[in-house]
Structures are given as C-alpha cells and as structure tokens.
Amino acid sequence: MIPMDPSRYYVLVEFAVRHLDFLAAELASVLRLHDITYGSPDCRVETLPQLGPHPTNSTAIENCSHVDHKNTVQDQQRRNEKRQRPFCILSFPFDAPCVPRLEMLADKVDSAKNLATSSKSQTSSETIGNIILSRCVLVRSVMELWGYGPSLDDCVEQVRQWTDVSSGSTTASTLTTTNCQHSYQKLVRDHGRSWKLTVHTLGCTYSREVQEAMRSRFQFLALPGPVQMNDPTDEYVLIRETELDDHGSPLPGGSIDSAASGTNPPRTRYKPNDSVSCCYFGRALGGTRQTKHRGDVSRFSLKSRAYLGPTSMDAELSFVMANLAGVGQSSVVLDPFVGTGSILVSCAARGAYCVGTDIDIRVLRGKGENSNVVSNFRQFDLPRPELIRSDNAIYQRHFRRTHIPMYNAIVTDPPYGIRAGARKSGSRLDQPRPVLESNRHNHIAQTKPYVVSDVMVDLLDVAARTLVLGGRLVYVIPSFRDFEPESDLPRHECLKTVHICYQPLSAELGRRVVVMQKQSEYDPTQRKTYLAKSWKNGAKSAERCANIRDKIMEAAKLKPNYQERAAVRKQKRKIHKEEKKRVKLEKVEMS
C-alpha cells in the first residue's frame, strides 16, 4: 500500500486520452497562471502506482491477438518508463490557498451566506479543482483523492485509514490538529448532501454485478445523505486503471468473459488481472466527474467558422497553445502569421487583447464583409483584433521602438511551404521597376519565397525583441521521428525552451509545439551575434529545417501507388479550378 502524507491534500487529475505528450505541459502552464509551480513542494507531483509485470496466461494468449511474447520484467520496466498514463497525482499543504476550506463543503445556501458575510472567505474559483477545470482543455476530471494503490484491496484499506477520524490512529489525530481541513469530516455529518458512487474502468468493462461488488467494499463510509443518480451534490469515483498497449487495448494477463458472448452480435468483455491495474478512489471536484467545462471549446469548432483557410488550426489545439503560452485576462498576444485568425480566436476567448499581422493582404481582407478574419471574432462575440499587413522578416521597419517589450505572448503557426508557401517582401528580379510616386499611397509590395530556416530565425528574433520578461513564444513545426531538439530547433540567447510537445500525424511524420520563455533582455547591438548562434550546427541545422517539405515529398513518393493517387489529385484540382472560373464568369455576366 502506498503511504499518503496526512499533512497534505491529494488531488487526482484525469486526462483525456489524446495529445498525450501535451498533458503535463498544459497542466503546468495553467497552474503557472495562478502562481502555482508544478513540481515544487507547494505542488508536489506524486509517483503513480507502478504497473507491475503481469503473468503470462495461456488462455489469454489464445484469445488475444495483441500478445507480447517478450513479456519479461525488463521489458515491462521499459514500457513503464515510456508510457504516458492519463493520470497525475498532485499534493498540496492543507494551508495552500488553492485547497478548498471547510466552508466550501457546506450546502449552497450556507455557502452563499458565508461568502456574503466574510470578505476573506474562499470562493470556488480559487480552488484547485476550478483552476484546472476552467482552463485545461485536455483534463477530463479532477478528484479529491482519498486513497490509491496497485490493487483494490490496497485502495480500500487506504480510504479506510484516511477517513477513520474517530479512531486514535496517527492519521486521525494529525487530521484533527489541522482543524479538520478534510472533506470527509464535514460530509459524514451532512444529511442534506446527495451522492452517488461511480465505477470507472479504463481499458476494460465489468458486469453490473462485479461493479456492485466493488461499491460494497466502501460501505464503511456510511454517507448519510440520499443517493441521487442525476446531478448529485457529490460524486464519488472508483477508477480502475488497466495497463494498455500502444493502441489503447488492455494487455493480456486476464481472461475473456464468456457471459458477454450471449449478445447478438457476440461482444467480448475483457477482464484484466489484478496485478496489472491500479485503483483510485475520491470525490469529484466540480460536482461530477463528467465535466461540462470543456463545452466552450467545442463551440469554437472549425465546422461552424464563417471564414476558413487551408491551414486554419483546429480549435482544440489552438486552446491548448493558448494555455501553453499562459494567455489570460488582459494579456497582449501577437500572431505574426495570423492567416484566418484561428489561433487568435482562442486567445481572445481567454480574455486577451489580440494583434495579428500577415504579409498576404488577400487573407486579411477575406472574401467579403461576412467572410473575413473579423467575422470569426464577431461570430463568437469576441473583441475585434488589430490586423496589420506586415512582413515579419523586416519587423523593425514596420514598428517604431521595436526593442521595447510589449507582448505577453506570441502564439503562431508559421508557414513551412507544405500547404501554404512562406513569402517575404522583395522581388525576384535583379532590377525591379520603380514604384511611381502617384501609386505609393496604395501600392502593395512584391513578395518572394521565404526560406523556412529564415522564417524560424526571424520569428525568434522578433520574440526576443518584443516579449516581456517571462513572456512565452509558442509555435508549431512539422518534423519526423528522427528529430533532435538540440540541433534541429533554432535557438536564441534571450529565450529558453520550456516544453516540446509532439503530435504524431503518421508513422513517421508529426508536428511539434515548441514553448519558449524570455529569460533576459534583448540587446539591439548584439543582433548579429544572436542570429549567428541561431543554429547549433550552423548551415547543416538550418538546411535540415529548410528542407522539411522536400523530405515529406520524398517519403510520400516511396509509398505504393503514389503516381496513381497524384494523378487523381491533379485531376481534381483541375476540375475545381475550372468550376471556380465558370462561377466567376457567370457572376460577371449577371452583373
């Protein structure tokens, strides 16, 4: 049984099983907004129970197709080291500002009276549950943890000790000396709090009889309030975590439930072995485990947008990037490659003042009054952003006093020439025609290709110039699995890398979201030195970044039937182009 420190308040964070590499980074960034340092003594990250080696089972091997025949203790330990499990246990001192006080556990009427009569009362928005649930996109639920362990027996015994406030145990006496800042002591006396107990299994299912047997193990809690399945005051949750493979299926080590085969069509229910699972028990913070706090993210789905482009960032990842950047109320945020403004929409939804620049005036103007960047903000009742046609390669020529920090965050998805080509001001001609004086008031400068390595160097230089100390740069870069962060990413002496999160898109290709934080002031006189040190291996690293599109095309050509699929795509583009031309001609004729 894993010991729990009675002087600390434990919280279990349950993540959504997607974007696994982003989970800890987003949580740490959201806590940072509330001056909570993830991993410090005031917010300690506890070790999850070890997923121990499971015994080989001949019956399971015959019935499961995903068998690992090299199931040794060493292999198991290596899997544990690499596994990204969708749970995190945090512990706080009981006197931490984010730990809910006893008055927060009273019923709604009494709580309202307490808050009205005491200006020092803690509000629900200040508690750790609301801090996480109100911002983290990838968090499913937050629980006040009462016990956990590698088996159900260990979990039950720990919950029994944690809630045994009437005995003379060390745990009970310690809780008493902390002014009973423990929810069970309040809940056990409150007959007006309705409740239910949910059994949640990860990677497997159980029959109702088995679930009821699990619930009966916690009868000693003797909660006095009425049981209410819909919208109870408190929801208690027993989570059974099972070891999963890379595809999200339970590893062998248990047995197949034959009773489930009576369905039509037959449905297999896998019952895992106890030695490969962990159990957690606690009270859901925020009312219930099935939270509704993420509903605002689905509201911003790209399917409902008034204005979209080929590179518009999806809503969920945009909100995650805003969290990684630490965007909050009154933050000033810049997107130097704003495009259709999908990233700035998520930043504005978090209360930021947004500034967007882009070199393509057609994208900024959009397709009309109801189909442009501003219409996306108007659609969601968000403040209008400041939009400027600007070239990030010559930022210092567009803005005065560029060495004065002004942004709290820069969040962007730079162009890499894959779905949209990068451009900068200039002409391909050696001697371009001069601009007539009469045309200067509405002249749009010519553009030429912008090398990807230069895009990255200029982006970091602008961030180092314009971010306030502690401000963050968050950007996306496509990469292969053989990516080396030390050599393949640009660097800047004023910025330090905080997080690198990987999102796989295929077996070999993915994209990484890089988070950098400004750690020192920018010296304009040292600009050439900064640029010279941008790449660890000089031209070799820069070339590796610049040739991302070429590497993707080479990898695509190696796939079977590439030529046939390329011909089909070419024909579809031709048909689409002719259709657009026909519609345009019809509009001209009608006018």
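Sequence positions, counted from 1, serve as the residue numbers for this chain.
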Assess, by modelled atom type and distance only, whether the side chains of [X] and [Y] contain a donor and an acceptor separated by less than 3.5 Å.
X    : Y    : value
H19  : E316 : yes
R472 : S29  : yes
S151 : D154 : yes

All pairs passing salt bridge (Lys or Arg N to Asp or Glu O under 4.0 Å) where residues 211-228 contributes a residue, at least two apart =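 Qualifying pairs, neighbours excluded: D153-R217, E212-R215.
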Mind checking the [atom1]-[atom2] spacing from [X] to [Y]? Nearest 0.5 Å is all I need.
X    : Y    : atom1 : atom2 : value
Y148 : M4   : OH    : CE    : 6.5 Å
R140 : H200 : CZ    : NE2   : 5.0 Å
L133 : C136 : CG    : SG    : 8.0 Å
R32  : Q517 : CZ    : CD    : 4.5 Å
D35  : T37  : CG    : OG1   : 8.0 Å
K518 : L467 : NZ    : CG    : 6.5 Å

Check side-chain contact (heavy atoms from CB on, under 4.5 Å) between D5 and all other residues, then give those that pass, not counting sequence neighbours.
->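 With neighbours one apart ignored, the set is S7, R8, Y10, R44.
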Are [X] and [Y] packed together at the side-chain level, in the sense that at least one heavy-atom pair is separated by less than 4.5 angstrom?
X    : Y    : result
P485 : T497 : no
R350 : S331 : no
Y280 : P49  : yes
V345 : F377 : yes
C88  : V45  : yes
S194 : T233 : yes
N408 : V333 : no
D335 : T412 : yes

Closest heavy-atom contact between [X] and [Y]?
X    : Y    : value
M214 : L238 : CB-CD2, 3.9 Å
F22  : L324 : CD2-CD1, 4.3 Å
V142 : G129 : CG1-CA, 4.3 Å
R283 : R193 : NH1-NH2, 4.3 Å
W195 : G225 : NE1-O, 2.9 Å
R135 : G328 : NH1-CA, 4.1 Å

Between [X] and [Y] (side chain of the first, backbone of the second, donor and acceptor by atom type, cut-off under 3.5 Å), is there such a pair?
X    : Y    : value
S346 : A322 : no
E46  : S91  : no
Q503 : V513 : no

Partner residues of Y353 under the ring-ring contact (aromatic ring centres under 6.0 Å, His included) criterion, sequence neighbours left out =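 For Y353 there are no ring-ring contact (aromatic ring centres under 6.0 Å, His included) partners, ignoring immediate neighbours.
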Do you know which of L138, N323, I132 makes side chain to side chain contact (heavy atoms under 4.5 Å, CB included) with L27?
->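 The option that passes is I132.
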Pair R511 + D314, salt bridge at N-O below 4.0 Å |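 Answer for the salt bridge query: yes.
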Carefully, step by step, assess L145 and I89 under the rule side chain to side chain contact (heavy atoms under 4.5 Å, CB included).
-> CA-CA 8 Å; L145 193 60; I89 298 176; 4.0 Å; yes
Could you walk me through whether F218 and T163 pass side chain to side chain contact (heavy atoms under 4.5 Å, CB included), step by step?
-> CA-CA 11 Å; F218 297 93; T163 58; over 6 Å; no
Between F300 and F319, does the ring centre distance come in under 6.0 Å?
->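 Judged by ring-centre distance (under 6.0 Å), F300 and F319 do meet the cut-off.
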Chi angles and distances behind the side chain to side chain contact (heavy atoms under 4.5 Å, CB included) call for L223, L197 | CA-CA 11 Å; L223 296 169; L197 201 163; over 6 Å; no
Where do R512 and L489 land on the side chain to side chain contact (heavy atoms under 4.5 Å, CB included) test, with the steps shown first?
-> CA-CA 11 Å; R512 283 174 168 82; L489 284 179; over 6 Å; no
